[in-house]
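Note: hydrogens, waters and symmetry copies are ignored here, and every other heavy atom, side chains too, is used.
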Amino acid sequence: MTADRPPESILITGAAGFIGSALTRRIADAWPQTRLLLLDNLSYAGHLANLGDLTQRPTVRFVEGDIVDEACVTGLMRDVAVCVNVAAQTHVDRSISGPQAFTRTNVLGTQTLLEAARQAKIDKFIQISTDEVYGSLPLEAEGVRFDEASPIDPSSPYAASKAAADLLALSYWKTWGFPVCITRCSNNYGPRQFPEKLIPLFILNAMAGRPVPVYGDGLNVRDWIHVEDHASAVMRVILAGQSGRVYNVGADNEQPNLAITRRILALLNQPESLMMFVADRPGHDRRYAIESGRIREELGWRPRVSFEEGLRQTVDWYRENSAWLQAVTADAAAR
């Protein structure tokens, strides 16, 4: 693989999830000659419905399997040039109530993939991480952001498991010179996100006239990025990312949860009386903000979707895709 030339083959783990399916669809359309090997264990948040008819294309192969399964990933890794590890347990609340699953998938699963990839001598391994590994910034620290040199200081079991996976990935670069890149993205939103996450949960509750639960005082700040912009950033890293590098991926779009809630209610013509303030969750980070100058300057990436337009499109998508919602909720309930 050479810079700016798509690889012949890519393994995408977690391909039936929210971010994984968005990345898969975008690559399949932009690089139709690239063979895509898709791996997903189809847990409660991974659904073939997210991939649509992609699996019917001759260049796409889907495998149901788990990234902790050494035999499975070893066999798959022999057939690809690049691996993008999107597979993860991601919901912070679930990590608080059941952290073991997060350690198993996010840490052990990543190590299993890394070793299989190293043994197969693939061209590049991309670990999809999160800005949550950096921990929290105070609300009053306006203008202060985390960059790639900032120390990691995770608060939740989810963030800690992702930080551990990052360190494992970097150790493979430092120890063996194995070509690893890490992307740390801010909060994603967009179509096909499982409805436990903040934006789809609030949209669906508001659509049904149900209370919209806001943690604490609602002033916790996140930097939001559309999933399509995240996918385009990962594609730039596939093409030109430097081994051993971490790339923050953010859209410079910090929003308090309370403001997000009000925007969603306004887009759905629902009253603010639907907002229901609930007890805050343990270890709730106050503010996330990342500096993404490295990926912009080195790789020429820019976010394209404004938050106003992206949120409106996301609300419209959930309004118009009740069949998708029924399919994924029924599938999740059966697992």
Checklist entry - With distance as the sole criterion, is a donor-acceptor pair present between the side chains of Arg296 and Ser292 under 3.5 Å? => result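 Indeed, the side chains of Arg296 and Ser292 share at least one donor-acceptor pair under 3.5 Å.
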Checklist entry - Looking just at side-chain N and O atoms, do Ser243 and Trp173 make a donor-acceptor pair shorter than 3.5 Å? => result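 Note: Ser243 and Trp173 side chains miss the donor-acceptor criterion.
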Checklist entry - According to the ring-ring contact (aromatic ring centres under 6.0 Å, His included) rule, which pairs have a member within residues 105-137, sequence neighbours left out? => result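 Qualifying pairs, neighbours excluded: Tyr134-Phe146.
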Checklist entry - Does any pair with a residue in residues 236-294 pass ring-ring contact (aromatic ring centres under 6.0 Å, His included), and if so which ones, sequence neighbours excluded? => result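 Non-adjacent pairs meeting ring-ring contact (aromatic ring centres under 6.0 Å, His included): Tyr215-His284.
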Only pairs under 3.5 Å count here: list side-chain donor-acceptor contacts from residues 254-261, not counting sequence neighbours, and write none if there are none.
residue : atom : partner : partner atom : Å
Glu254  : OE1  : Arg287  : NE           : 2.8
Glu254  : OE1  : Arg287  : NH2          : 3.4
Glu254  : OE2  : Arg287  : NH2          : 3.3
Gln255  : NE2  : Asn253  : OD1          : 3.1
Thr261  : OG1  : Asn257  : O            : 2.7

Next on the checklist: Quick check for you: to the nearest 0.5 Å, what is the distance between Gln313 atom CD and Leu267 atom CG?
Outcome noted: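 The CG atom of Leu267 is 11.5 Å from CD of Gln313, to the nearest 0.5 Å.
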Could you list the donor-acceptor pairs under 3.5 angstrom formed by side chains in residues 104-111, with sequence neighbours left out?
residue : atom : partner : partner atom : Å
Arg104  : NH1  : Asp66   : OD2          : 3.3
Thr105  : OG1  : Ala101  : O            : 3.4
Asn106  : OD1  : Gln89   : N            : 2.8
Asn106  : ND2  : Gln89   : O            : 3.0
Asn106  : ND2  : Ser161  : OG           : 2.9
Thr110  : OG1  : Asn85   : ND2          : 3.3
Thr110  : OG1  : Asn106  : O            : 2.7
Gln111  : NE2  : Tyr172  : OH           : 3.3

Item to check | Residues forming a side chain to side chain contact (heavy atoms under 4.5 Å, CB included) with Ser306, sequence neighbours excluded | outcome: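 If we apply the side chain to side chain contact (heavy atoms under 4.5 Å, CB included) test to Ser306, skipping adjacent residues, the hits are Glu308, Glu309.
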Next on the checklist: Among residues at least two apart in sequence or on other chains, which ones pass side chain to side chain contact (heavy atoms under 4.5 Å, CB included) with Ile96?
Outcome noted: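 Partners of Ile96 under the side chain to side chain contact (heavy atoms under 4.5 Å, CB included) test: Val92, Pro157, Arg281, Pro282.
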Item to check | Test log, rule side-chain contact (heavy atoms from CB on, under 4.5 Å), inputs Leu38 and Val63 | outcome: CA-CA 6 Å; Leu38 312 180; Val63 175; over 6 Å; no
Checklist entry - Quick one: is the NZ or CZ of Arg210 closer than 6.0 Å to the six-membered ring centre of Phe202, and within 45° of its axis? => result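 Cation-pi check for Arg210 and Phe202: fails.
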Item to check | Charged tip of Arg118 within 45° of Trp176 ring normal and under 6.0 Å | outcome: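 Yes - Arg118 lies over the ring of Trp176, closer than 6.0 Å to its centre and within 45° of its axis.
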Checklist entry - Can you hop from Val315 to Val212 via hydrophobic side chains spaced under 4.5 Å? => result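 Shared cluster, yes.
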Checklist entry - Hey, any chance Val86 and Phe18 share a hydrophobic cluster, counting ILVMFWY side chains that come within less than 4.5 Å of each other, even indirectly? => result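 Yes, it is one cluster - the side chains of Val86 and Phe18 are joined through contacts under 4.5 Å.
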